Enquirer: 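What follows is a single structure, and I will ask about it in a moment.
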Amino acid sequence: MVDSDETFVNGVKVGQSEHQYLSRDYMVPEGVLKAGCNEIDVRLVVEHGTGRVTPGKHMHLDMGDDSYNLDGTWTYSIGARTDADCPGEDFVRWKPLGLYNGMTATCAGYAARAALWYQGESNTGDVADDYGRMLAAMIGCWRKAWGQQRLPFLIVQLPMFSIDGVEDGGWALVRKHQWQAAKSIEDVAAVVTLDAGDWNDLHPWNKSVVADRLFAAVQRLVYGKDDAPRSPEPTGVRLADGRLTIAFDDGTGDCGLDTMDGADPGEFELVWEDGSRHTVPARVEGNTVVIDVPWRRPAAVRYAWRNAPSHGLLCGSNGLPIPPFAESIA
């Protein structure tokens with residue numbers, strides 16, 4: 001729910017939450033429920049004109065082994081309104097060096113084996129294309145602060161998300177820079193989490209899959225286990241005889257491409273010099289993806305280049321998804 005709520009059952013307050021990112025998990029005291037009709041009343045405070053009960057989130061009342069579905073249409077009324085948004089807090093974490101001085105600098109010097117970095121949502125706007133430069137500078141800053149010039153960094157690439165996002169390319173650019181950091185900076189790795197996100201939740205619930213992939217990356221980067229699984233990635237793009245062939249490799253020589261949902265490969269689009277683009281079907285042939293190209297020669301091919309790609313996501317035989325990419329066609 002956006003933003004904060006107080007929830008009542010039959011007039012008895014059963015819980016409250018201060019902001020949208022908390023789970024509404026309220027205990028109803030014994031004796032509050034009664035036979036027949038019961039009323040649940042949610043008083044929602046909307047601070048910035050974007051209030052909602054988020055679609056796609058399951059609402060239910062549980063009693064023992066019984067669960068009662070509360071999804072559906074609720075009646076509502078507006079209790080009060082203002083002509084302007086509520087004043088916003090002046091968060092120190094939004095100030096230059098606010099988070100670093102308040103939280104990171106105070107820990108610098110303590111023993112650290114590696115850093116796990118899961119961030120980027122706040123940089124998907126106008127500054128998205130600066131993310132790579134800023135991330136590289138931050139990694140260097142932390143390594144200097146800890147006195148470890150090879151402190152390993154493991155980056156979680158942004159998952160899917162769309163409910164509050166603008167489809168302006170910012171999410172794709174941040175993902176691109178996160179992956180490139182792992183290719184261009186020593187002792188840095190990145191993991192793909194496109195399938196681990198929730199389209200309707202900035203903070204997705206499926207954290208275990210993120211942990212599993214970070215563990216595999218740690219095994220490889222920190223502990224030197226070269227056989228730990230990693231995501232296949234594109235190694236070459238070739239256009240010949242009306243066929244665009246994209247080769248992939250996961251370090252084993254035979255990545256065995258598939259899709260995560262069992263459907264045909266999706267999320268591919270061709271881009272032309274004038275900026276026009278068109279979604280195209282694709283097929284797997286061995287360790288390659290093949291796309292039939294029309295008579296007009298494209299300038300680039302893109303994969304999963306949007307906020308919440310979800311259809312026919314590619315993966316290797318190890319189950320790890322392929323990162324989004326944009327490749328020029330020579």
Side-chain angles (χ1 to χ4, degrees), residues 1-91 93-94 118-122 124-125 156 158-167 171 193-212 260-261 306-311:
M1 299 178 187
V2 182
D3 294 296
S4 59
D5 78 286
E6 291 183 297
T7 297
F8 301 78
V9 176
N10 292 332
V12 177
K13 183 176 177 179
V14 297
Q16 68 181 58
S17 297
E18 300 304 319
H19 56 79
Q20 62 174 303
Y21 297 117
L22 294 175
S23 174
R24 271 71 177 183
D25 190 6
Y26 302 145
M27 181 68 69
V28 180
E30 186 176 358
V32 171
L33 294 175
K34 60 186 180 181
C37 182
N38 291 265
E39 182 175 276
I40 300 173
D41 178 27
V42 178
R43 300 178 186 177
L44 191 63
V45 177
V46 178
E47 297 183 359
H48 302 290
T50 55
R52 64 163 180 261
V53 176
T54 302
K57 292 290 187 179
H58 183 44
M59 301 174 67
H60 51 98
L61 174 68
D62 298 331
M63 292 192 300
D65 294 331
D66 297 323
S67 183
Y68 298 87
N69 186 6
L70 302 179
D71 294 339
T73 302
W74 288 45
T75 58
Y76 77 95
S77 63
I78 298 174
R81 67 170 74 237
T82 63
D83 295 329
D85 288 349
C86 297
E89 296 181 59
D90 193 15
F91 291 117
R93 63 178 178 268
W94 292 346
Y118 187 157
Q119 187 274 340
E121 299 90 339
S122 298
T124 55
V156 178
L158 287 182
M160 64 177 292
F161 176 68
S162 64
I163 194 169
D164 293 320
V166 177
E167 199 68 67
W171 281 74
T193 62
L194 284 179
D195 58 318
D198 297 318
W199 69 271
N200 60 359
D201 199 329
L202 188 64
H203 299 163
W205 289 92
N206 192 357
K207 301 295 195 301
S208 61
V209 69
V210 178
D212 289 341
M260 306 201 79
D261 58 7
R306 60 190 184 98
N307 293 7
S310 59
H311 307 298

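Keep in mind the model is a prediction, meaning the values are calculated, not measured.
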Enquirer: Which heavy atom in V166 sits nearest to a heavy atom in N307, and how many Å separate them?
Expert: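 Smallest interatomic distance, heavy atoms only, reads O-ND2, 3.2 Å.
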Enquirer: Do T124 and L158 touch side chain to side chain, with heavy atoms closer than 4.5 Å?
Expert: yes
Enquirer: Just wondering, do W171 and S162 contact through their side chains at under 4.5 Å, heavy atoms?
Expert: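 The answer is no, as the side chains (C-beta and beyond) never meet within the 4.5 Å cut-off.
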Enquirer: Check step by step if side-chain hydrogen bond (donor to acceptor under 3.5 Å, both in side chains) holds for N69 and S67.
Expert: CA-CA 7 Å; N69 186 6; S67 183; over 6 Å; no
Enquirer: Show every ring pair (Phe, Tyr, Trp, His ring centres under 6.0 Å) that has at least one partner inside residues 53-72, sequence neighbours left out.
Expert: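 Applying ring pair (Phe, Tyr, Trp, His ring centres under 6.0 Å) to every pair that reaches into residues 53-72, excluding sequence neighbours, yields H58-H60.
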Enquirer: So does N200 get a backbone contact from the side chain of D198, meaning a donor-acceptor N/O pair under 3.5 Å?
Expert: no
Enquirer: Do you know the tightest heavy-atom contact between M1 and T54?
Expert: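 In terms of heavy atoms, the two residues are closest at N-OG1, 4.3 Å.
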Enquirer: Would you give me the side-chain donor-acceptor pairs under 3.5 Å for residues 5-16, sequence neighbours excluded?
Expert:
residue	atom	partner	partner atom	Å
D5	OD1	S17	N	3.4
D5	OD1	R24	NE	2.7
D5	OD1	R24	NH2	3.0
D5	OD1	Y26	OH	3.1
D5	OD2	T7	OG1	2.7
D5	OD2	Y26	OH	3.1
E6	OE2	K13	NZ	2.8
N10	OD1	E39	N	2.9
N10	ND2	V32	O	2.9
N10	ND2	N38	OD1	2.7
K13	NZ	Q16	OE1	2.3
Q16	NE2	E18	OE2	2.7

Enquirer: Classify the side-chain pair T193/D195 by whether it contains a donor and acceptor separated by less than 3.5 Å.
Expert: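 There is no such pair (donor and acceptor under 3.5 Å, judged by atom type) between the side chains of T193 and D195.
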Enquirer: So which heavy atom on A84 is nearest to which on T82, and how close?
Expert: O-OG1, 2.7 Å
Enquirer: Using side-chain heavy atoms (C-beta onward) and a distance below 4.5 Å, is P159 in contact with Y118?
Expert: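 Side-chain contact under 4.5 Å: yes.
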Enquirer: When you check the gap from the basic side-chain N to the acidic O, do D164 and R52 get nearer than 4.0 Å?
Expert: yes
Enquirer: Might you confirm whether atom CG of D62 has over 12 heavy atoms from other residues, nucleotides or ligands at distances under 6.0 Å?
Expert: yes
Enquirer: V210 and A196: which non-hydrogen atoms are nearest, and at how many Å?
Expert: CG2-CB, 4.2 Å
Enquirer: Heavy atoms only: give me the nearest W199-G56 pair and the separation to one decimal.
Expert: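 Where W199 meets G56 most closely, the heavy atoms are CZ2-CA, 4.5 Å.
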Enquirer: Are side-chain heavy atoms of D3 and L44 found at a separation under 4.5 Å?
Expert: no
Enquirer: For M27, look at atom CE and say whether over 12 heavy atoms of other residues, nucleotides or ligands are found less than 6.0 Å away.
Expert: no
Enquirer: Do the charged groups of K57 and D201 touch, with an N to O distance under 4.0 Å?
Expert: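 A salt bridge is present here (some side-chain N lies under 4.0 Å from a carboxylate O).
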Enquirer: Can a donor-acceptor pair be found, under 3.5 Å and without considering hydrogens, that links the side chain of D261 to the backbone of H311?
Expert: no
Enquirer: Would the number of heavy atoms belonging to other residues, nucleotides or ligands and lying under 6.0 Å from CZ of F91 be above 12?
Expert: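 Buried by this count: over 12 neighbours within 6.0 Å.
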Enquirer: Less than 4.5 Å apart, side chain to side chain, heavy atoms only: is that true for M59 and W74?
Expert: yes
Enquirer: Would you mind reporting whether S310 and L194 have side-chain heavy atoms less than 4.5 Å apart?
Expert: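 Not touching, per the 4.5 Å side-chain cut-off.
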Enquirer: Show your working on side chain to side chain contact (heavy atoms under 4.5 Å, CB included) between R306 and E167 and close with a plain yes or no.
Expert: CA-CA 7 Å; R306 60 190 184 98; E167 199 68 67; 3.2 Å; yes
